[in-house]
Colleague: 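Below you'll find the structure I mean.
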Amino acid sequence: MSQLNGSRKRKLVTRALPDVRDDSDELGDALLGGILSQSDDGEEFDDSDDEEEDGEEEDEGSEDEMDGEEELESDEIPSEYGEEDIREQIRNLKTADVESPKGANGRLVKVNGAELPQAATGALGETNTQDDIEDLKPNYTVTTDANGNPRYLYQEIEPGYESDDSDAPATVNTIGEIPLSFYDSYPHIGYDINGKKIMRPAKGEALDALLDSIEVPQGWTGLTDPATGKPLELSREELEVLKKLTRNEVPEEGYDPYPDMVEYFTSKTEIMPLSAAPEPKRRFVPSKHEAKRVMKIVKAIKEGRIKPYRPPEETEDEDPKVKRYDLWADEAPRPDHVMHVPAPKLPPPVHDESYHPPPEYLPDKAERAAWENTDEEDRDREYLSRDHDALRKVPGYDKFVKEKFERCLDLYLAPRVRRSKLNIDPESLLPKLPSPDELRPFPTACSVVFRGHEGRVRSLAIDPSGEYLATGGDDGTVRLWQLRTGRQNWSVKFSGDEAVNVVRWRPGTEAFILAAASGENIFLVSPPIAGKPDVERSSRDVLDAGWGYAATNGASATNGPAKKEAAAKWTRPGPQLEEKGVLVKITVRSTVKVINWHRRGEYFSTVSPQGQSSAIAIHTLSKHLTQLPFRRLKGLAQSAQFHPSKPIFFVATQRTIRSYDLARRELLKILQPGAKWISSFDIHPGGDNLIVGSYDRRLLWHDLDLSTRPYKTLRYHKKAIRAVRFHQGGLPLFADASDDGSLQIFHGKVVGDLMENATIVPLKVLRGHQVRKELGVLDVDWHPKQPWCVSAGADGTCRLWQ
Amino acid sequence: MSNPTPAGDQAKVRIQLTTRHADLGLPQDTGPLLVSTSLRRIQLSSLVNNILSTPRPVPFEFLISGQFLRTSIDDFLTRNGISAETTLTVEYVRALIPPTYVASFEHDDWVSSVDVLSASSPAAGWAGADIAAGQEKILSGSFDGYLRIWDTSGQLVATSSPTSHGQHPIQSTKFLSPTKLVSAGDDCCVRIWNHSNPTNTDNPSATASITPSLELYGHHGAINAISVHAPTSRILSASSDHTLGLWSTQKSSAPAAPSDLFPENSPSLTSSNKRRKISQPTPPPPRRGPLSLLTGHAQQVSSAVFAPNDASVAYSASWDHSLKTWDLPTVTCVDTRTTAHPLYSLLALSGITLLAAGTSARHITLIDPRTSARSIAALTLRGHSNAVVALAQEPGSWYGLVSGSYDGSCRVWDVRSVRPGGADIGGGQVGESVYRIGRESLGGKREPSGGEGVRVFGVCWDKQLGILSAGEDKRVQVNKGS
């Protein structure tokens, strides 16, 4: 309506212009000013002004009282008085057209030069006015031309999206109102605004003519084959393929992208169904027969013959004849008995896998501990029942990731775990050792206690006849005891306060000679035994034989080339000691710790660990001669011993045991027991085996034929092993003495067969000695024939075990 | 007379009373008796006394299948699972009265052996002497080398004079007759002593004396034990030089002594003149040598005894586990029995042909020395915890014996109280001790390990005096069943 209104207004304006022109004489300046100030798109103001003027005119013409409400009225006009106003204007238009067409035309011609575009320009101005109401800047400047008339110089209109001129015809003939036929002979059809020719557009004939004029060779593409550099020529088929490719078609020959549909199932409704018979009526009529039956039932129900639900009959009617008893009515807990039948227990409710199991299923502490202690594979079930108050308190499954991982491993490497569980009793894998009971006799209990020494008993030895026991201790005495009764028979105190470190009997029963070492002195003693004057005499003979030798041969020898210091001095100990039976005193350079006799009783070796080159000495009894077989010894000498049957000499240093051939004077073997510090060793009477005790608690059995490494290592003691000793009288026994106050008795059977290894069975731990100042049992010795052993303790006692 | 009136509701058992005591045998006509099972030893004892109608009631013990009845018969039957319907064979024996401590005779040194001269002792029996009650003498040999004679009141009657060459421990001593003693010890010499016993009326100031009368040389090692037989005037000695010595107590019948064994020939003595001076004052007694030295043992001979019935047979036990039977007239070893353990002591049980041998393995083995005997150990008596070194038989009984051990106790055994032993001891029969006698010197304390300080070296059982034991606690302890 408004648009319509607008368009009419336009017409009105165009037509009203002459009125304005009329009034321009009077109000020219005012109008000009308004127009100037408002530019061409302020024509609406003109309109409004016109309207106001119209209104005023009307007001003036019809009702003069309306002056006070002029403004309001002017605003209201377009809506309220639309139709009335339009009719009025149409009337005016007619009149105006009639009255002054010349004037209007004349001005328009002057401005635009032509009548025809006037409406167009007017319309153009109208639209601009409508679009840019606020843009009120003047688009032109007014100058005076040569004739003195005002000249409007319009600024160039900048094309933009705002200046929409889509309403204007797209193609504008810029050649004016000249028929195109005038240009038929020219290649151009007009001129543009700059005066340049507008060329005639090419026509089909011309293109065809041009194309026809160019001859294209067959298969020409205008491309160059990149491989050959020649022009690329394509055959028709290839071109066809390319064409299809460009169209996204399957380039295959004969491929039909749209084949006819094969109808496997018809989409059409068949005219003829399978049976042409029409549905019988009874299909649609309720069955009378059924109705009859239903009615029958209904009637029966009504009459009460059929009851819709009858409670199940209680079948187990109490038979009054059968008497029944409740066995467990008032059952009290009774002890287990065959005749006692406990009340059957109902299974507890729910199950133990529940998150909130009944308390019967909850494991107690012992069960839990047992479950946790068993191997994961051995558990009877994989879970432990756990109690949670609520399901939401149940924690996440803790093994989830692990199980998933294992499952993955299962899939990846199928036999992931080899179940190498052996159903073998570990006991059966142990080598069959005979039971100690079968290996009797061996010492089991303390039989006699020899008490008398003040301070430690350092060393002890049973005499070859098995009747007497000699001991030496820290109190500097050597004591002789009757083994059977434990009675001290004799004792001697050597000069000085030095402890008696070692006592050893000379082998052989024909003489009764004891070698004892106290400090640097070695004493050879023939203890006076009552009733044995003949033995005593022979002992003295053995001991005294050397004096003569020393007097004759020895003197001449010393006078000769031997100028260096003698290895040892053989002297008489003095009358006081001689009276006690001490017959020979040998002084060596340093403290003697170990004495061992050669089996024949002719030689004995002494070891003084601190003695450097004189650490090991071999003494010849019959010649009163001392030899130092080793100029230099690697390591501290610990012990030395003669082989029981061969001319072999064993020397133990801290780490190794070396055996030397005395006849050929060469090193035979180096045994490496692996112990850190050897304390003592002993050679099996057979000569092929050797036991080594070490301060690092080890007892090692060496088979000399087997290896330089120990055949067996026994580590049963808690503290250092001080002494080891084989039974020399044919019983397969050996013993060790340790600082933990105990002795251990072993069965060590050596078989003559080379293929068979020695059998070693621990038999008995003998306890009884007290540990004094970290020292327990210091020495051990065996009875020459009986399965008895004696031990020397740091508590000042010796004990006979049998 | 025989059947006691049975109470109505009490269970009865049929018993057959037997005994091995010849003087206490039942009358021939006594058949099985029906007695109440609630009877105990005392009731049974009075029953047997009734049957025997003994003038004075004799206390009896009752052996049912080798076990002494200590409870009621009912208990015994249920414990051993014996039906009450069978006829029980009940052996009644004279009860061994539990020995109670009587006295201790204190010595200066360890006491090694003890012997008694009393009316029932063999020495008195051989001599035909009549020793009045209260006049018994106790002889003890000590490690200090002295013999001592005590009277029953604990009074020291006499001490032996010192020997010529120092004192050496005496290991064994015996009464040969009321006036003669024999001792042997570590000096390898068997000595015969005269014991002069001045009567009180003669000279109150004169003291009894023990002076050596004969020295028998020949052993090269300490003598562990001696055994005497006065009627044949023989002494048997067991020495640690592996031999047995057979000696004569008579100077005239004994050969000359080997002079090289005389102590004055010892080089340790010849070297110093001082000793010789000391040894001079009393002229040495005559010296003789052995009738023979029986060799055959491989190790120390610990004990040698005459056969109780035949003095021409001797038995010896040695550390080499063997027990040998010797025929003395021909000086040959007749039989050798090898046991499993070193033997420390030997006792020939008179009346039953068994030898009891104490071993170092803490038990006593009863050995049948007859060549026909198949098993070596007829019975093993177990209970000691250390070597058994002394044995003595109960006087007047064939079955009782007492043993002294290094564990510091004496035990009284009855060889009739036996039960079959397990396989661990060779399948023989095992007996248990009836009583145990500890050392009073301990004051009730437990024996130390190894019996240290209280070891028993010698025992003697006399009818009048009871059980005498000598030990390391320097005492002779007298225990007597009241």
Side-chain angles (χ1 to χ4, degrees), chain A residues 437-438 440-441 443-451 465-468 482-490 509 525-541 543-544 575-576 578-583 729 766-769 783-788 797 799-802, chain B residues 109-110 112 143 165-166 168-169 171 185-189 217 219-224 239-242 258 260-272 274-275 298-300 302 319-320 340-342 344 360-362 385-387 389 406-407 424 448-453 455 457 472:
Chain A
D437 283 340
E438 299 165 15
R440 287 178 192 280
T444 52
C446 175
S447 175
V448 181
V449 180
F450 304 88
R451 206 178 279 276
S465 69
E467 231 178 300
Y468 296 98
Q482 198 176 23
L483 190 68
R484 186 173 63 94
T485 56
R487 175 81 183 182
Q488 181 184 320
N489 276 9
W490 169 87
T509 47
V525 189
S526 166
I529 297 296
K532 292 188 181 176
D534 50 341
V535 174
E536 212 173 316
R537 221 170 295 127
S538 66
S539 319
R540 279 171 183 263
D541 291 345
L543 289 178
D544 290 342
Q576 277 184 334
E578 271 180 75
E579 201 177 304
K580 295 284 261 176
V582 184
L583 298 178
L766 301 174
R767 294 178 208 281
H769 282 291
H783 189 276
K785 295 197 180 81
Q786 301 289 352
W788 304 341
T797 64
R799 281 164 194 267
L800 169 69
W801 309 86
Q802 63 182 28
Chain B
D109 208 339
W110 302 357
S112 63
F143 273 76
H165 298 287
H168 295 286
Q171 296 292 351
D186 286 359
D187 54 356
C188 312
C189 165
Y217 287 94
H219 276 305
H220 293 263
I223 296 168
N224 294 324
S239 165
S240 48
D241 63 357
H242 313 175
D260 61 334
L261 291 174
F262 293 164
E264 59 265 25
N265 294 340
S266 164
S268 60
L269 292 181
T270 47
S271 62
S272 69
K274 200 166 61 179
R275 277 288 174 87
Q299 289 183 47
Q300 292 198 26
S302 57
W319 286 16
D320 63 2
H341 302 283
Y344 263 27
S360 72
R362 302 173 280 281
S385 62
N386 208 338
V389 294
Y406 276 178
D407 64 2
D424 55 328
S449 81
E452 190 192 353
R455 287 178 294 160
F457 291 126
E472 199 182 353

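Per chain, numbering begins at 1; letters A, B, ... match sequence-line order.
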Colleague: Quick one: what part of B:Asn224 sits under 4.5 Å from any heavy atom of chain A, side chain, backbone, both or neither?
Modeller: both
Colleague: Starting at OG1 of A:Thr509, measure out to NE2 of B:His220 and round the result to the nearest 0.5 Å.
Modeller: 12.0 Å
Colleague: Given a strict heavy-atom distance threshold of 4.5 Å, which part of B:Asn386 is in contact with chain A: side chain, backbone, both, or neither?
Modeller: side chain
Colleague: Counting only heavy atoms closer than 4.5 Å, note whether B:Gln171 contacts chain A via side chain, backbone, both or neither.
Modeller: side chain
Colleague: Got a donor-acceptor contact below 3.5 angstrom from the B:Arg455 side chain to the A:Thr485 backbone?
Modeller: yes
Colleague: Given heavy-atom pairs under 4.5 angstrom as the criterion, report whether the side chain, backbone, both or neither of B:Ala222 touches chain A.
Modeller: both
Colleague: Is it the backbone or the side chain of B:Tyr217 that comes under 4.5 Å from a heavy atom of chain A, or both, or neither?
Modeller: neither
Colleague: Taking atom CZ of A:Arg484 and atom OG of B:Ser240, what is their separation to the nearest 0.5 Å?
Modeller: 7.5 Å
Colleague: Side chains of A:Leu483 and B:Gln300: does their closest heavy-atom pair fall under 4.5 Å?
Modeller: no
Colleague: Sort A:Asn489 into side chain, backbone, both or neither according to what part of it lies under 4.5 angstrom from a heavy atom of chain B.
Modeller: side chain
Colleague: Flag the pair B:Trp319 / A:Lys785 as yes when at least one side-chain heavy-atom distance between them is below 4.5 Å, and no otherwise.
Modeller: no
Colleague: Checking B:His341 against chain A: side chain, backbone, both or neither under 4.5 Å from a heavy atom?
Modeller: neither
Colleague: As an exercise, state the distance from CZ of B:Arg362 to CD of A:Gln802, rounded to the nearest 0.5 Å.
Modeller: 7.5 Å
Colleague: I need the A:Ser465 OG to B:Gln299 CD distance, nearest 0.5 Å.
Modeller: 10.0 Å
Colleague: Of the backbone (N, CA, C, O) and the side chain (C-beta and beyond), which part of A:Trp788 lies under 4.5 Å from a heavy atom of chain B, both, or neither?
Modeller: side chain
Colleague: So do the side chains of B:Asp109 and A:Arg487 get within less than 4.5 Å of each other, counting heavy atoms only?
Modeller: yes
Colleague: Measuring heavy-atom distances to chain A, does B:Phe143 have an atom under 4.5 Å in its side chain, in its backbone, in both, or in neither?
Modeller: both
Colleague: Side chain, backbone, both or neither: which part of A:Arg440 has an atom under 4.5 Å from a heavy atom of chain B?
Modeller: neither
Colleague: Heavy-atom cut-off 4.5 Å, strictly under: side chain, backbone, both or neither for B:His168 against chain A?
Modeller: side chain
Colleague: For B:Asp320 versus A:Gln786, what's the shortest heavy-atom pair and its separation?
Modeller: N-NE2, 4.3 Å
